[in-house]
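Below is one structure, written out as structure tokens; the observations come after it.
Remember, predicted model here, so these are calculated numbers, not experimental data. Indexing begins at 1, ligand by ligand and atom by atom, following the structure's order.
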Amino acid sequence: MQIDILTIFPDMFESVFKYGVISKALEKKLFTLKIHNLRDFSPLKHSRVDDEPYGGGPGMVMRPEPIFNSVREIIKRSSFEKKDINVILLTPEGEKLNQSIMSSISSFKKLIIICGRYEGVDERIKKCLVDKLISIGDYVISGGEMAAMVLVDGLVRLIPGVLGNIESLDKESFSGNLLDYPQYTRPFDFEGMKVPDILLSGNHKKITKWRKERAKAKTERLRPDLLENKENQ
Ligand code: ADE
């Protein structure tokens, strides 16, 4: 998978992708990541990327030229056909991200991720350039950058070979629409709070059964919507 991110704040991404699973996957060349500065694609004076909204109103809107130019240039330079490329805009107006959407996005060979800023982006970008609008939740943050980090982290975990233990994907929260089972580690007795005996029993069949039951009970208690919502299955 190739991921290209378009942003006016490329430095924001530097430290985030230097750690953990993502940095290891980059080292192993399991995917490629390029961060592009939208200003480099601006044909305007002073590399301008925004302007006042037509019709008036507060704030600034991202102009179409830098975003159209950059997406077209990246597609032109790519060896993939358009059907293998997904152009995504992060915006609170988008489809709310969940594990099943994450998994459908992960089937593309190339992703071009646009981070919106200011009061939003010119509507023509949404209508004529972007394949998918994605929101990371029903709240507004200052721009698409942090949303893009969330999306990329979730996607990279799905790339085969990224998670050391193949099983850990299946057992993770949300795969099979259940939250994770409760996890314990040493010490056995922490300030009088003990680890359930069954986990020390050595009986793997019983442990698996217990974990399934606990995962179901936890989901019913904390996130009953996951059990009702077929989209998460
Ligand atoms: N930009 C601002 N808020 C956002 C959200 N909730 N999801 C994606 N991009 C955003």
Pairs under 3.5 angstrom, nitrogen or oxygen on both sides, ligand 1 versus protein: list them out, please.
{"unit_1": "ligand 1", "atom_1": "3 (N)", "unit_2": "Ile141", "atom_2": "N", "d": "3.1"}
{"unit_1": "ligand 1", "atom_1": "6 (N)", "unit_2": "Gly137", "atom_2": "O", "d": "3.2"}
{"unit_1": "ligand 1", "atom_1": "6 (N)", "unit_2": "Tyr139", "atom_2": "O", "d": "2.8"}
{"unit_1": "ligand 1", "atom_1": "7 (N)", "unit_2": "Ile136", "atom_2": "N", "d": "3.0"}
{"unit_1": "ligand 1", "atom_1": "9 (N)", "unit_2": "Thr91", "atom_2": "N", "d": "3.3"}

Compile the donor-acceptor pairs under 3.5 Å between side chains in residues 11-18 and protein atoms, sequence neighbours left out, one pair per line.
none

- Message: Using every non-hydrogen atom in the two residues, find where Val121 and Gly116 come nearest and quote the distance to one decimal.
- Response: CG1-CA, 4.0 Å
- If every non-hydrogen atom of Val87 is compared with every non-hydrogen atom of Val130, which pair is closest and at what distance? O-CG1, 3.6 Å
- Message: Quick check for you: to the nearest 0.5 Å, what is the distance between Ile113 atom CD1 and Ile5 atom CD1?
- Response: 5.0 Å
- Message: Does the plane of the ring in Phe41 sit parallel, tilted or perpendicular to the ring in His36? Use 30° and 60° as the thresholds.
- Response: perpendicular
- Can you see which heavy atom on Glu119 is nearest to which on Gly59, and at what distance? CG-CA, 3.5 Å
